[in-house]
Amino acid sequence: MRLRAVLFDMDGTLLDSAPDFIAICQAMRAERGLPPIADTLIRDQVSGGARAMVAANFAMPPESEGFETLRLEFLERYQAHCAVLTKPFEGMAELLDEIEQAKLIWGVATNKPVRYAEPIMQQLGLAERSAVLVCPDHVSRSKPDPEMILLACAQMGVEPAATLFVGDDERDIEAGRAAGCKTAAVTYGYIHPQDNPRNWGADVVVDHPLELRAVLERALCSC
């Protein structure tokens, strides 16, 4: 079936949001008299969410006393500074332009709550361009369950088989495959050092957003 739409995961796929997470973590350490830690220690945990980043930032397991207070502070800070340093990955702006020029629909399906995802899309000028933004708030089960992808396809009016889902986590690929979409795994995102996107079973693996050009061209030419 000919490709009609492209769905992106948000963090680590469409947007490089790690700089905002890193700035918040380092600020929290500085205010407690702690020295900075390597940015990569935080970046490697982005896909694990606030819990994983706070645990790495303070070398503290989630069950520790005081951990929940730190996690809530992290989320409060992120609510106020979620789109300060965040921006599309290099090459993504050009890719989105080309997707639109090809008359394809594109949207976002992310495990990021809508209270963060929506203002980020608005501040980056992507909200009015994206056909859909589906977050955990809109479904009963998040990725790797396919519910989020199926809802996004339904809202776009496109069959899953005519949709390419792009993500930087194995959960993305599992969800896309279960929904019946074509899938693309990206290696430029927030991949844990011990993980390998080439083992996730995606239809294609790319190292840069612009490498998706060839993927889209092949899909547009297929019947």
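Heads up: numbering here begins at 1 and tracks the sequence. Both backbone and side-chain heavy atoms feed into the values below; hydrogens, waters and symmetry mates do not.
More than 12 heavy-atom neighbours from other residues, nucleotides or ligands sit within 6.0 angstrom of CD on Gln79. Atom CD of Glu159 has 12 or fewer heavy atoms from other residues, nucleotides or ligands within 6.0 Å. Environment of CD in Glu65: sparse, with no more than 12 heavy atoms of neighbouring residues, nucleotides or ligands closer than 6.0 Å.
Using a 4.5 Å cut-off on side-chain heavy atoms (C-beta onward), Glu90 and His208 make contact. Counting heavy atoms from C-beta outward, Thr163 and Lys182 have side chains that stay 4.5 Å or more apart. Residues Phe74 and Ile24 have side chains in contact (heavy-atom distance under 4.5 Å, counting atoms from C-beta outward). Residues Phe21 and Gln45 have side chains not in contact (no heavy-atom distance under 4.5 Å, counting atoms from C-beta outward). Val186 is listed as a side-chain neighbour of Val166, based on a closest heavy-atom distance under 4.5 Å. You'll find the side chain of Glu73 reaches within 4.5 Å of the side chain of Met28, heavy atoms only. Between Leu15 and Leu124, the closest side-chain pair of non-hydrogen atoms falls below 4.5 Å. Pro61 places none of its side-chain heavy atoms less than 4.5 Å from the side chain of Phe67.
Scanning both residues, Thr86 and Ser17, for their nearest heavy atoms gives OG1-CA, 3.3 Å. Closest of all the heavy-atom pairs between Ile173 and Ala184 is CD1-O, 3.7 Å. Of all heavy-atom pairs spanning Ala175 and Asp145, the tightest one is CB-O, 3.7 Å.
Here Arg51 does not pair with Glu63 in a salt bridge; the nearest charged N to carboxylate O distance is not below 4.0 Å. Ion pairing between a basic and an acidic side chain is recognised when a charged N comes within 4.0 Å of a carboxylate O; Asp9 and Lys143 show such pairing. Using a cutoff of 4.0 Å between basic side-chain nitrogens and carboxylate oxygens, Asp16 and Arg43 are scored as salt-bridged. A salt bridge links Arg71 with Glu68: at least one charged nitrogen is closer than 4.0 Å to a carboxylate oxygen.
Asn57 places no side-chain N or O within donor-acceptor distance of the main-chain N or O of Ile42, the cut-off being under 3.5 Å. Distance alone, capped at 3.5 Å, places no donor-acceptor pair between the Arg29 side chain and the Pro36 backbone. Side-chain atoms of Tyr190 come within 3.5 Å of backbone atoms of Ala18 as a donor-acceptor pair (strictly under, hydrogens ignored). Looking at Glu94, its side chain never comes within 3.5 Å of a backbone N or O of Leu210 through a donor-acceptor pair. With His138 contributing its side chain and Cys135 its backbone, the two residues share a donor-acceptor pair below 3.5 Å. Looking only at distances, a side-chain donor or acceptor of Asp20 sits under 3.5 Å from a matching main-chain atom of Val84. Judged by distance alone, the side chain of Glu147 and the main-chain N or O of Arg141 form a donor-acceptor pair under 3.5 Å. In this structure a side-chain-to-backbone donor-acceptor pair under 3.5 Å is present from Thr13 to Asp168. Judged by distance alone, with hydrogens and angles left aside, the side-chain atoms of Thr183 form a donor-acceptor pair with the main-chain N or O of Asp203 at under 3.5 Å.
Residues Tyr116 and Val46 fall within the same hydrophobic cluster, defined by Ile, Leu, Val, Met, Phe, Trp and Tyr side chains chained together at heavy-atom separations under 4.5 Å. The cluster map of Ile, Leu, Val, Met, Phe, Trp and Tyr, joined by side-chain heavy atoms under 4.5 Å apart, puts Leu72 and Met60 in different clusters.
Partners of Glu100 under the salt bridge (charged side-chain N to carboxylate O under 4.0 Å, His left out) rule, at least two apart in sequence or in another chain, are Arg129.
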Passes side chain to side chain contact (heavy atoms under 4.5 Å, CB included), Met121 versus Leu14? Steps please. CA-CA 11 Å; Met121 292 289 285; Leu14 179 69; 4.3 Å; yes
Start with the C-alpha distance between Trp200 and Asp172, add both sets of side-chain angles, then the distance that settles side chain to side chain contact (heavy atoms under 4.5 Å, CB included), and finish with yes or no. CA-CA 9 Å; Trp200 297 345; Asp172 297 320; over 6 Å; no
Run the salt bridge (Lys or Arg N to Asp or Glu O under 4.0 Å) check on Asp207 and Arg198 step by step: do they pass? CA-CA 11 Å; Asp207 299 320; Arg198 288 176 171 78; 3.4 Å; yes
Does the side-chain hydrogen bond (donor to acceptor under 3.5 Å, both in side chains) test come out yes or no for Asp39 and Gln26, once each step is laid out? CA-CA 9 Å; Asp39 289 350; Gln26 300 290 21; 3.0 Å; yes
Mind running side chain to side chain contact (heavy atoms under 4.5 Å, CB included) on Thr110 and Val134 for me, showing each step along the way? CA-CA 6 Å; Thr110 174; Val134 177; over 6 Å; no
Arg177 and Glu170: salt bridge (Lys or Arg N to Asp or Glu O under 4.0 Å), yes or no, with the steps? CA-CA 11 Å; Arg177 292 179 64 190; Glu170 188 170 9; over 6 Å; no
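Ring geometry for Trp106 against Phe8 counts as perpendicular: the plane angle is over 60°, on a 0 to 90° scale with 30° as the lower cut.
Each of Leu164, Ile105, Val132, Val108 was scored for a side-chain contact (heavy atoms from CB on, under 4.5 Å) with Leu7, with one residue passing: Val132.
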